[in-house]
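Take a look at the structure set out below.
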Amino acid sequence: MNQGLVISDLTIEYGAIRAIHDISFEVKPNELVAVIGANGAGKSTLLRALSGMIASASGGATWNGQSILKTKPEELVRRGIVHLAEGKSVIPELTVAENLALGGLRRRDKSDVATAISESLELFPILASRLEQRADSLSGGERQMLAIGRALVSRPKLLLLDEPSLGLAPLIIDQIFNALNHLRTHLGLSILLVEQNALSALKIADRGLVLNLGALVKNGLAAELLGDADLRDSYMGF
Amino acid sequence: MIFIDTLLLGISSGAIYSLMALALVLVWRSTRIVNFAQASQAVLSTYIGYEITMRSHNYWVSLPLAILFGAILGSLIDFLFMRYLAKRAKSGPIAEIAPVIATLGLLGLLQSIIGLIWGNSFLQYPTPLSGKGFTFGSHTIPFSPQNLFIVLATAIVLLVFGGIFRFTDLGLALRAASFQPEIAQLAGIRVARIRNIGWAFAGAAGAVAGAVITPTSVLSPNSLDLLLVSGFIAAVMGGLDSLVGAVIGGLVLGVGFSFILQYVGSSVTFLAGFFILVIVLLIRPRGFFGHQVGRHA
Ligand SMILES: Nc1ncnc2c1ncn2[C@@H]1O[C@H](COP(=O)(O)OP(=O)(O)OP(=O)(O)O)[C@@H](O)[C@H]1O
Ligand SMILES: [Mg+2]
């Protein structure tokens, strides 16, 4: 049985700047956890450390019982952890088909890569009609779909998503969040979802974490957080 | 007749520029670095080929070995120098300039090493192919079996590497790693290794250029320097990103030179290269193929 993501006393520093201090939490298999917090709270930093993009992290972080700190991103992808970075997660110069194929480059089972690509296209049918187009000709929403579709081609078990709703219209955000919900429910993925759009994120999340200036100030059920008046004031803007 | 001859002369020298341009484009496409050390890498590979020919008395044995050496040398340069530079100078203007300056330094370094080993005298690197033009009746055209070989070599390099970039997983990884290293890495691509392969490919292409061109002139530590300039101009005309563009750029330059030499005079040929470049860039700022069609070929 997959033991999920276990973070214990994690601290992340940029030189003298301590961006994350001493945080602990878990993401269980098949769980969707939302991370919310103001600009500069350390959300992206957290994801970057978990995907191997920042080496200067101390404390514990394990995925399925094995440490993931000080491990290269490409190795973590092989272990099922895929990180879609904030605002840039597709390669604009490549076509849609090529971007999807990227997810399968390191996989041996090429027939399953083909299956995974057609599953991604089923999930986001709009991409199927754009296969030969360059990714930079896509709309923001389509790009985000392509990014998620590409991630799925590598058959991930844990998705780290950094603000997938950034700059998108409400209707598109719903569509993407529905897709995430579907992935969690039907493919059993664990998802750590960083969002400014706290309301939408908490609606599909099982649990929510609130980061403030690098510290974890709240960790609770999404429904509880949605009902928390203080949080509503400070992060959800209504 | 003079017109045809001038054209043929232009094509044979143009193919030479094309080959060098191809090597430059290959590094550019896999690392986004303009590699000025390319000339010295190609020359060093050619000296290796020369030594092997002198011992084996067989050009056809030396050619693949020189290419292999070129690939290993390219890979070593990345492994010993460029990789560390990329790690240290990660962002900002320095990240773009430092590697290029470093390749200029390497150019000097490798040429000095070659000079120390082989001296600065001119050597002949013979091939079994004739350098005399084909004869039709009483007319000898300025296009020899050696020229034909150069044109074929250019076509093969173009097809092989164009095919790799366009149709293989490796090619996709190379393009992804050069366009967006960070996203490529997050997609699971071993960017450092892929770049290294790019350096090896470019080194191999440069070695082909050196080994097939040198028999038409002489071998010395600096013998490919001027070619580097022409190859660079050709590559820029082709959009720097396109293999097909590099070949067309080389041919346009070669034919342009040849006509200027024939109809204007030899005093302006060197300036003419820059003149042609400026005209092409004024008409098409991204080169013939920059970012429109040629990205894949
Ligand atoms: N490369 C870096 N070097 C130094 N400090 C950094 C670096 N990247 C981020 N920081 C700092 O770390 C802190 C957390 O930044 P981070 O990007 O993780 O915040 P965030 O929660 O993702 O913000 P946003 O909502 O704006 O994306 C900030 O104070 C930021 O200035
Ligand atoms: Mg962020």
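Values below: every heavy atom of this structure, side chains too, minus hydrogens, waters and symmetry copies. Remember, predicted model here, so these are calculated numbers, not experimental data. Numbered from 1 within each chain, the chains take letters A, B, ... in sequence-line order.
- Atom CZ of B:Arg193 sits in a sparse spot, with 12 or fewer heavy atoms from other residues, nucleotides or ligands closer than 6.0 Å.
- Closest of all the heavy-atom pairs between B:Ile189 and A:Glu74 is O-CB, 3.9 Å.
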Legend entry - Stepwise side chain to side chain contact (heavy atoms under 4.5 Å, CB included) test for A:Met53 and B:Gln185: CA-CA 9 Å; A:Met53 298 301 285; B:Gln185 200 178 17; 3.8 Å; yes
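- For the pair B:Gln180/A:Pro92, a side-chain contact is recorded, criterion being any heavy-atom separation below 4.5 Å from C-beta on.
- Rounding to the nearest 0.5 Å places CG of B:Asp241 at 9.0 Å from CD of A:Glu93.
- Contact record, B:Ala176 with A:Leu102: CB-CD2, 3.6 Å, taken as the closest heavy-atom pair.
- If you measure heavy-atom distances from A:Arg48 to chain B, the contacts under 4.5 Å come from the side chain alone.
- For the atom pair CD1 of A:Ile91 and CG of B:Leu172, the computed distance is 8.0 Å after rounding to the nearest 0.5 Å.
- Contacts of A:Arg78 with chain B are absent, with no heavy-atom separation under 4.5 Å from either backbone or side chain.
- In this structure, the portion of A:Ser89 lying under 4.5 Å from any heavy atom of chain B is its backbone and not its side chain.
- Distance check, rounded to the nearest 0.5 Å: CZ of A:Arg107 to CG of B:Asp169 gives 12.5 Å.
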Legend entry - Derivation of the side chain to side chain contact (heavy atoms under 4.5 Å, CB included) call for B:Ile183 and A:Arg150: CA-CA 11 Å; B:Ile183 301 176; A:Arg150 183 264 289 165; 3.8 Å; yes
Inset, instruction - List the steps, then state whether salt bridge (charged side-chain N to carboxylate O under 4.0 Å, His left out) holds for B:Arg190 with A:Glu75. - result: CA-CA 9 Å; B:Arg190 285 169 294 185; A:Glu75 169 59 25; over 6 Å; no
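- Between chain B and the residues A:Val82, A:Val90, A:Leu105, the largest count of heavy-atom pairs under 4.5 Å involves A:Leu105.
- In this structure, no portion of A:Ala147 lies under 4.5 Å from any heavy atom of chain B.
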